[in-house]
Engineer: 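Just dropping this structure here.
Counting begins at 1 with the first residue of the sequence.
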Amino acid sequence: MVLAVLLAIMAALNTLTATELAQRLDGGTATAEAIVRDHLERIDERDAAVLAWSHLAREAALQTARVLDRGPRKGLLHGIPMGVKDIIDSFDQPTTYGSPIYRTHQPLADAATVALARDAGAILLGKTVTTEFANRHPGPTKNPYNPAHTPGGSSSGSAAAVADFQSVLGTGTQTGGSVIRPAAFCGIVGYKPSYGHFAPAGMKANTEWLDTIGAYARSVEDIALFRAALLAIPYLPIAKVGRPPRIAVAFTHHRDELSPEGTQAVNDAAAAFARAGAQVTEIELPAPVRDMTQGQKTLSAFDGPRAHADEARRFPGLLSDSLRRDKLEAGSKIDYATWVAARKLGETGRAAVDVLFDEIDVILTAPAKGEAPLGLGHTGEATFNLLWTYLWMPCVTLPLTKGPTDLPVGVQLVGRQHEDAGLLDIAAWAQSVLS
């Protein structure tokens, strides 16, 4: 027992969770400056291989840590390092949106989520790599488990930094699958809240009816802490579930697109939950949902020529071929009536799925086809994320196992819209069952 305690004390601070670091800070066995220094050392050791950061604010982070160490506890995230996806504004660090158009861009204000995190005492280590405007054209970030594979996208840098112990927390954004899929590929916890829960002010818009800011951590408990800070609400620690949850397994109508390891992960998780006492059933999603993958793509593409109107007019030569093809050209072919129909389909689908939660607590499904694919020219398919983003439902990725090439494979839990706290409670229960 004594040896275990000593080993825990000796563990590098960058390997601990936010909740563990908060205990160290409160107990006087760690300082914010020491925490930042351990993270910077890890970045120096590893980031040449991972390339998670578009900007690193080394001296500013150390200075902030020293100020925090001299004063009383500032808030929920006091002394906790974080990375912010470079699609989200910061007043004192460049925000490039993953585009050469904005390589020298310096916003005048923090985005709402950045300001709230700092107000809670978080230390902004820097900005993390994003795909171009959070779309498909990838940045340089590599999967920390194998640099020949993608970390996913578009929130590639934040997911990789948290997975590689370069940051405790990170923010991402999801229009299709840009939070949940990178978390699965990098073997960490990812959280996409119910649509609109985290204020989008200061985020470069992509598709406003879908864009959702999300969070990364290495434990569900950290996500609950982070969520309270970013919502500016009182923190309620993870609650023990009163009874084993009712879990509905949904492979969706894309079941045949899953890799063997993706299917196996869902089946293994379902079996583990059943052994732990959960009521596990398999369901077919209601009919309107079968059309919603295309509906999500319609909404996303329609907004392309509008969200990027200025860049397309003034800097067309600095836009990637994929942005021009998949957003500008595709979006220009969609008429108003088709866009309205897609909006109405979302409303219909949300009502149809919400009824399911009278009989279940969460949906268990895949967060991605399987392991991260080989290569850095593509960030993987969002097939198993688009639906839930369109339905505005909260989602959590949990790491589970390794696939055939020893890369992470996870599972996804989806909750009822606006019942995010309950989803996190069940996710914490699930993480303990799967660990």
Side-chain angles (χ1 to χ4, degrees), residues 17-20 22-23 76 169 179-180 183-184 188-198 212 214-251 265-286 350-367 388 391-401 410-435:
T17 65
T19 48
E20 290 169 337
Q23 292 171 358
L76 292 174
L169 303 172
V179 170
I180 293 300
I188 58 173
V189 179
Y191 166 58
K192 183 202 77 69
S194 294
Y195 172 77
H197 275 214
F198 291 162
T212 307
Y216 292 114
R218 294 189 296 273
S219 75
V220 177
E221 288 79 6
D222 279 10
I223 292 292
L225 191 74
F226 203 12
R227 172 177 177 265
L230 297 186
L231 272 172
I233 61 174
Y235 168 57
L236 294 177
I238 291 293
K240 183 177 180 180
V241 295
R243 55 168 172 75
R246 300 168 297 172
I247 299 175
V249 179
F251 285 100
V266 174
N267 286 333
D268 287 351
F273 297 152
R275 288 193 299 270
Q279 178 184 318
V280 179
T281 56
E282 185 171 338
I283 64 169
E284 293 290 334
L285 295 172
R350 282 186 281 278
V353 172
D354 188 71
V355 173
L356 298 176
F357 285 86
D358 293 339
E359 304 294 332
I360 65 173
D361 297 311
V362 294
I363 293 171
L364 168 64
T365 189
W388 314 113
L391 290 169
W392 296 355
M393 298 167 75
C395 309
V396 174
T397 306
L398 296 176
L400 177 63
T401 187
V411 292
Q412 179 178 192
L413 295 178
V414 181
R416 196 174 205 166
Q417 188 182 2
H418 303 310
E419 296 186 2
D420 295 46
L423 171 63
L424 293 179
D425 291 344
I426 294 173
W429 173 89
Q431 190 173 37
S432 68
V433 169
L434 298 176
S435 60

Engineer: What's the separation between atom CG in Leu364 and atom CG in Leu413, rounded to the nearest 0.5 Å?
Structural biologist: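 Here the rounded value is 6.0 Å.
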Engineer: What is the minimum heavy-atom distance between Ser194 and Asp420, and which atoms define it?
Structural biologist: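 Scanning both residues, the minimum pair turns out to be OG-OD1, 2.6 Å.
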Engineer: Quick one, Phe357 with Ile363, criterion side chain to side chain contact (heavy atoms under 4.5 Å, CB included). Give me CA distance, side-chain angles, the key distance, then yes/no.
Structural biologist: CA-CA 9 Å; Phe357 285 86; Ile363 293 171; 4.0 Å; yes
Engineer: For the pair Tyr191 (side chain) and Pro394 (backbone), establish whether a donor and an acceptor sit closer than 3.5 Å, ignoring hydrogens and angles.
Structural biologist: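 Checked: no pair found.
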Engineer: Which heavy atom of Trp429 sits nearest to which heavy atom of Ala278, and what is that distance?
Structural biologist: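 Taking every non-hydrogen atom into account, CH2-CB, 3.8 Å.
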Engineer: CD of Glu359: more than 12 outside heavy atoms within 6.0 angstrom?
Structural biologist: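 No, not enclosed.
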Engineer: Between Phe226 and Asp222, is there a side-chain heavy-atom distance shorter than 4.5 Å?
Structural biologist: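 Contact flag for Asp222/Phe226 side chains = no.
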Engineer: So Arg243 and Asp361, do their side chains get closer than 4.5 Å, heavy atoms only?
Structural biologist: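 Side-chain contact under 4.5 Å: yes.
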Engineer: Contact between Leu285 and Leu356 at the side-chain level, heavy atoms closer than 4.5 Å - yes or no?
Structural biologist: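 Yes, their side chains come closer than 4.5 Å.
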Engineer: Is there a donor-acceptor pair closer than 3.5 Å between any side-chain N or O of Asp354 and the backbone N or O of Gln417?
Structural biologist: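 Looks like no, no N/O pair under 3.5 Å.
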Engineer: Between Val411 and Ala265, what is the shortest heavy-atom contact and its length?
Structural biologist: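 So the two residues come closest at CG1-O, 3.6 Å.
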Engineer: Determine the minimum heavy-atom distance between Cys395 and Met393, stating which atoms define it.
Structural biologist: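 Of all heavy-atom pairs spanning Cys395 and Met393, the closest is SG-O, 3.5 Å.
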Engineer: Could you measure the distance from the CD1 atom of Ile188 to the OG1 atom of Thr397? Nearest 0.5 Å is fine.
Structural biologist: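 Atom-to-atom, Ile188:CD1 and Thr397:OG1 are 8.5 Å apart.
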Engineer: Do Asp358 and Arg246 meet the salt-bridge criterion of a basic N to acidic O distance under 4.0 Å?
Structural biologist: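 Salt bridge absent between Arg246 and Asp358.
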Engineer: How far apart are the closest heavy atoms of Pro367 and Ala184, and which atoms are they?
Structural biologist: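 Smallest interatomic distance, heavy atoms only, reads CG-CB, 3.6 Å.
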Engineer: Using salt bridge (Lys or Arg N to Asp or Glu O under 4.0 Å) as the criterion, list what pairs up with Glu284, not counting sequence neighbours.
Structural biologist: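 Testing Glu284 for salt bridge (Lys or Arg N to Asp or Glu O under 4.0 Å), a comparison that skips the adjacent residues, returns none.
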Engineer: Please give me the minimum heavy-atom distance between Glu282 and Phe251, naming the atom from each residue.
Structural biologist: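 Shortest heavy-atom contact: OE2-CD1, 3.6 Å.
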Engineer: Report yes if some heavy atom in the side chain of Val189 is under 4.5 Å from a heavy atom in the side chain of Tyr216; otherwise report no.
Structural biologist: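 Heavy-atom side-chain distance check fails, nothing below 4.5 Å.
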Engineer: Let me know which of Leu400, Ile426, Ile238, Val220 forms a side chain to side chain contact (heavy atoms under 4.5 Å, CB included) with Gln431.
Structural biologist: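 Only match with Gln431 under side chain to side chain contact (heavy atoms under 4.5 Å, CB included): Val220.
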Engineer: Would you indicate whether the side-chain heavy atoms of Thr401 and Asp268 approach each other to under 4.5 Å?
Structural biologist: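 No, their side chains stay 4.5 Å or more apart.
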